[in-house]
Amino acid sequence: MKKNWDKKDTLDFWEKNEADYAGDISAPEILKMSKKYIGNKVLDIGAGSGALINLIPNSIGLDIAPKHTDIIKGDITNMPFEDQSFDTIFATEILEHLDNDTLNKGLAEINRILKKRGHLIVTVPYNENLSQNTVSCPDCGTKFHRWGHLQIFDENNITQLLKDDFKLIKIKKLPIGFNANYKVLKHFRWIIERSGFLKDQNLFLVAKK
């Protein structure tokens, strides 16, 4: 009986299933926050359904299970691009899905294909309690996070993770999904947060090579 998914299990799942991607709703909000950092040639890693690249001219996506004609099938640890190919790279809601080895190799690949003075734009869940979203398959007993998350991020550890290759330009904690879904209520977010009804947060950060 398997206790955890490996990379093959994850790939099989995404290739065989139609999923709701976080970016389908949050892409316009992420674009609005990122506009001043977007260059001429853009890559979205873990592009999902292509919601973000649909909004950005001259952009392409990379995903292990492409769902869009402008998304290339590929792995973050071995991306099929030449050195310094992109002005801007997005990695939104993807780093939390990677194990430690894949995460480190993936960031090295991002550094390789990002142009000098190019920008890396990242969103991740903030300080997530992984155990709260761990479930078990009733048939085989496999334990897995319901969204496949493996990492926990806060301001300190993600800054340490990037510091050797990137200069942090901006980092902000905010509920991206909430802001995208409730465009009027987001202006009263601080009241809702103080009431304890808004617990799921994200980190949005921009780093420069």
Side-chain angles (χ1 to χ4, degrees), residues 7 21-24 26-126 150-151 153-174 176 180 202-209:
K7 288 184 179 181
Y21 293 94
D24 292 347
S26 62
E29 190 73 18
I30 292 171
L31 177 63
K32 185 169 70 174
M33 295 188 293
S34 307
K35 274 188 175 179
K36 66 182 290 186
Y37 307 106
I38 296 176
N40 293 324
K41 195 171 180 184
V42 178
L43 173 67
D44 182 19
I45 300 173
S49 65
L52 187 57
I53 64 174
N54 284 338
L55 301 174
I56 303 174
N58 302 315
S59 63
I60 60 172
L62 182 87
D63 203 284
I64 59 172
K67 308 290 186 183
H68 187 289
T69 55
D70 291 327
I71 298 177
I72 297 169
K73 184 172 184 176
D75 187 323
I76 191 173
T77 64
N78 185 24
M79 293 188 278
F81 307 113
E82 295 181 357
D83 295 356
Q84 300 191 49
S85 292
F86 297 96
D87 300 290
T88 307
I89 295 177
F90 285 88
T92 60
E93 305 305 299
I94 180 66
L95 300 186
E96 67 273 14
H97 293 268
L98 310 178
D99 61 44
N100 291 337
D101 183 58
T102 304
L103 178 60
N104 290 325
K105 289 179 179 177
L107 290 173
E109 272 288 271
I110 289 172
N111 183 47
R112 179 183 69 80
I113 65 174
L114 185 62
K115 292 180 181 179
K116 291 181 180 178
R117 294 178 292 280
H119 290 95
L120 169 63
I121 299 169
V122 173
T123 70
V124 291
Y126 176 74
L150 300 173
Q151 302 285 347
F153 292 109
D154 59 23
E155 296 93 338
N156 293 326
N157 65 6
I158 200 163
T159 299
Q160 287 296 311
L161 189 65
L162 298 173
K163 70 180 179 63
D164 290 339
D165 296 315
F166 303 94
K167 179 182 177 182
L168 191 63
I169 301 297
K170 185 176 191 177
I171 186 166
K172 188 174 184 180
K173 183 180 76 171
L174 73 168
I176 295 175
N202 305 85
L203 282 178
F204 169 83
L205 67 91
V206 181
K208 188 175 183 179
K209 180 175 173 181

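For the numbers below, each heavy atom of this structure counts, side chains included, while hydrogens, waters and symmetry mates do not. Everything numeric in this text was worked out from a predicted model, so none of it was measured.
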Compare every heavy atom of L103 with every heavy atom of F153, then report the nearest pair and how far apart it is.
-> CZ-CD2, 4.2 Å

Output, in order, the C-alpha distance, side-chain angles, deciding distance and verdict of side-chain contact (heavy atoms from CB on, under 4.5 Å) for V42 and F90.
-> CA-CA 8 Å; V42 178; F90 285 88; 3.8 Å; yes

If you measure from CG on L205 to CE on M33, what distance do you get to the nearest 0.5 Å?
-> 10.5 Å

Neighbour count above 12 (heavy atom, 6.0 Å) for N104 CG | yes

Minimum heavy-atom separation for R112 to E82, with atom names?
-> NH1-C, 3.7 Å

When you measure from the side chain of E96 to the backbone N and O of V124, does any donor-acceptor pair fall under 3.5 Å?
-> no

Does the side chain of D99 pick up a donor-acceptor pair with the side chain of T102 at under 3.5 Å?
-> yes

Working for side-chain contact (heavy atoms from CB on, under 4.5 Å), residues K170 and Y37 | CA-CA 11 Å; K170 185 176 191 177; Y37 307 106; 3.8 Å; yes

Any side-chain heavy-atom pair of I121 and I89 under 4.5 Å = no

Please report the C-alpha distance between Y126 and N202 in whole Å, then the side-chain angles of each, then the deciding distance to 0.1 Å, and finally whether the side-chain contact (heavy atoms from CB on, under 4.5 Å) criterion is met.
-> CA-CA 5 Å; Y126 176 74; N202 305 85; 5.6 Å; no

Over all heavy atoms of both residues, which pair between Q84 and K115 is shortest? Give the atoms and the distance, please.
-> O-CG, 3.3 Å

According to the interplanar angle, ranging from 0 to 90°, do the rings of F86 and F81 count as parallel (below 30°), tilted (30 to 60°) or perpendicular (above 60°)?
-> perpendicular

Once you round to the nearest 0.5 Å, how far does CG of N54 lie from CD1 of I56?
-> 10.0 Å

Residue pair A47 / G61: nearest heavy atoms and the distance that separates them | CB-CA, 3.8 Å

Separation between CG of L161 and CG of N156, rounded to the nearest 0.5 Å | 12.5 Å

Closest non-hydrogen atoms of D75 and M79, given as atom of the first, atom of the second and distance, are O-CG, 3.4 Å

Donor-acceptor pair between D63 and H68 side chains, under 3.5 angstrom = no

Among L162, L43, I76, which one satisfies side chain to side chain contact (heavy atoms under 4.5 Å, CB included) with I110?
-> I76

Interatomic spacing from CG in L203 to CG in L174 - rounded to 0.5 Å | 8.5 Å

To the nearest 0.5 Å, what is the distance between CG (L31) and OG (S59)?
-> 9.5 Å

K209, NZ atom: more than 12 neighbouring heavy atoms under 6.0 Å | yes

Tell me, do T88 and L120 make a side-chain contact under 4.5 Å, heavy atoms counted?
-> no

N/O donor-acceptor pair under 3.5 Å between T123 side chain and E93 backbone = yes

Do P80 and L62 have side-chain heavy atoms sitting under 4.5 Å apart?
-> yes

Could you give me the CA-CA distance, side-chain angles and deciding distance for I60 and I71, then say whether side-chain contact (heavy atoms from CB on, under 4.5 Å) is met?
-> CA-CA 6 Å; I60 60 172; I71 298 177; over 6 Å; no

Would you check if the side chain of Q151 reaches a backbone N or O of L98 as a donor-acceptor pair within less than 3.5 Å?
-> yes

Any idea which heavy atoms bring P57 and L55 closest together, and the distance?
-> CD-O, 3.8 Å

Rounded to the nearest 0.5 Å, the CG atom of L52 sits from the CD1 atom of I30 at a distance of 6.5 Å

Polar side-chain atom of T92 near backbone of V122 as donor-acceptor pair, under 3.5 Å = no

Listed partners of K41 passing side chain to side chain donor-acceptor pair (under 3.5 Å), at least two apart | none

